[in-house]
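Numbers here simply count residues along the sequence, with the first being 1. Only this structure's heavy atoms are used, side chains among them; waters, hydrogens and symmetry mates stay out. On a predicted model such as this, the values are computed, not experimentally measured, just so you know.
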Amino acid sequence: MSRPFQIFVTGTDTGVGKTQASRALLSLLADAGLSPQGFKPYESGCASLRAPADALSLREAAGSTLPLDVLCPHRFRLPVAPGVAAARLGREPDWKTTLAAWRQLKGGPAVVEGAGGLFVPLDSRHDVIDLIQTLRLPVLLVARAGLGTLNHTALSLQALAARRIPVRAVLLSRSTATRDVSERDNRALLQARHGVPVLGPVPFEPDARRRHAAFRRALRPLMP
């Protein structure tokens, strides 16, 4: 019997489209009748700790009814790395709580969304890449479509390779309406240099529904 679809969505930076990519994957899985779960174990920048925006967005896309304490056990108001936000409060996020929440998803189809990039601290000992390695999940790496992405993506891929973490694909995304001349070459260069599938680029769409649809089109090749 084949394993359920599970993937960890991380990025080369913050604001590159991880949540939109995670939502698109969850909605595609839900449309296929696979009853997925979206797991956002660490979320900072929460306007309300009772209503973490990203985690709620993932739960809605998945059609999940699991409580937020399972889907997002660590929440912080300050818009900084979760480990930094916790340290300012004099707290240490419990790593065992994170893993216990993950086990409550019971090994079914799941999309896990990280916080920022690979080396964003989650507590005093663990970064995002440590969580990926512990959960033993393949990665979707979301990156900017334009200038700078060759370097940022290469560094992230090298870090993942050093830990022997498999990468399902890189997804390029445009987060602004401004184009730059590097977009013409970036996808082909990344694919040729690193031997990993490169999807996109997802075009910039100010309309939320159209942007969601664009992410779904780009990510459909990853569906089981």
Worksheet item: Cluster question for you: counting only ILVMFWY and a side-chain heavy-atom cut-off of under 4.5 Å, with indirect links fine, are L171 and L28 together?
Response: yes
Scanning both residues in full, the closest heavy-atom pair of N186 with G146 reads ND2-O, 3.3 Å
Please list, one pair per line, the donor and acceptor atoms closer than 3.5 Å that link side chains of residues 4-15 to other protein atoms, with sequence neighbours excluded.
{"from": "Q6", "atom 1": "NE2", "to": "G107", "atom 2": "O", "distance (Å)": "3.3"}
{"from": "Q6", "atom 1": "NE2", "to": "G108", "atom 2": "O", "distance (Å)": "2.8"}
{"from": "D13", "atom 1": "OD2", "to": "R144", "atom 2": "NH2", "distance (Å)": "3.0"}

Looking only at heavy atoms, the pair that brings A159 and I129 closest together is O-CD1, 3.8 Å
Would you say the side chain of P73 lies within less than 4.5 Å of the side chain of D94, judging by non-hydrogen atoms? no
Check whether any side-chain heavy atom of P138 lies under 4.5 Å from a side-chain heavy atom of I165, and answer yes or no. no
- Message: Quick one: does any side-chain atom of S27 pair with a main-chain N or O of A24 as donor and acceptor, under 3.5 Å?
- Response: yes
Check your understanding: Between D130 and R163, is there a side-chain N and carboxylate O pair less than 4.0 Å apart?
Key -> yes
| Does the side chain of Q20 reach to within under 4.5 Å of the side chain of H212, using non-hydrogen atoms? | no
>> Hydrophobic clustering (ILVMFWY, side-chain heavy atoms < 4.5 Å, transitive) - are F39 and L222 grouped together?
In response: no
query: Are side-chain N/O atoms of H74 and T98 paired as donor and acceptor at under 3.5 Å?
result: yes
Side-chain polar contacts of residues 190-209 - donor-acceptor pairs under 3.5 angstrom, sequence neighbours left out - could you list them?
{"from": "Q191", "atom 1": "OE1", "to": "V198", "atom 2": "N", "distance (Å)": "2.8"}
{"from": "D207", "atom 1": "OD2", "to": "R209", "atom 2": "N", "distance (Å)": "3.2"}
{"from": "D207", "atom 1": "OD2", "to": "R210", "atom 2": "N", "distance (Å)": "3.0"}

d(D127 CG, Q133 CD) to nearest 0.5 Å is 11.5 Å
Between A143 and T149, the two heavy atoms sitting closest are CB-OG1, 3.5 Å
Minimal heavy-atom distance between G38 and A62, with the atoms involved, is N-CB, 4.2 Å
* **Cluster link L71 to V111, ILVMFWY, side chain under 4.5 Å** => no
Inset, instruction - List the steps and the verdict of side chain to side chain contact (heavy atoms under 4.5 Å, CB included) for V128 and Y42. - result: CA-CA 10 Å; V128 169; Y42 301 83; over 6 Å; no
Handout entry: Close side-chain approach of L89 and F76, heavy atoms under 4.5 Å
Key = yes
Exactly one candidate in R75, E43, R23 meets side-chain contact (heavy atoms from CB on, under 4.5 Å) with D54; the answer is E43
Quick one: does any side-chain atom of R187 pair with a main-chain N or O of L172 as donor and acceptor, under 3.5 Å? no
All heavy atoms of A21 vs all of L219, minimum pair found to be O-CD1, 3.5 Å
Margin query: Is any side-chain heavy atom of T134 closer than 4.5 Å to one of W95?
Written below: yes
Are any side-chain N or O atoms of R174 and backbone N or O atoms of A177, one a donor and one an acceptor, separated by less than 3.5 Å? yes
Output for pair (R91 CZ, D123 CG), nearest 0.5 Å, gives 12.0 Å
Heavy-atom check, side chain of Q104 versus side chain of L66, under 4.5 Å: no
To the nearest 0.5 Å, atom CD1 of I132 lies from atom CG of L135 at 8.5 Å
| Joint cluster assignment, V16 & L58, ILVMFWY side-chain distance < 4.5 Å | yes
Do the side chains of P82 and V120 get nearer than 4.5 Å, heavy atoms only?
-> yes
The reported gap from NE2 in H152 to CG in L141 (rounded to nearest 0.5 angstrom) is 12.0 Å
Looking only at heavy atoms, the pair that brings L34 and P224 closest together is CD1-CG, 4.0 Å
| query | Would a hydrophobic clustering, with Ile, Leu, Val, Met, Phe, Trp and Tyr connected at side-chain separations under 4.5 Å, put L189 with L155? | reply | no
Separation between CG (L160) and CD (Q158), nearest 0.5 Å, reads 10.5 Å
CG of L78 to OG of S44, rounded to nearest 0.5 Å, is 7.5 Å
Contact between V70 and Q37 at the side-chain level, heavy atoms closer than 4.5 Å - yes or no? no
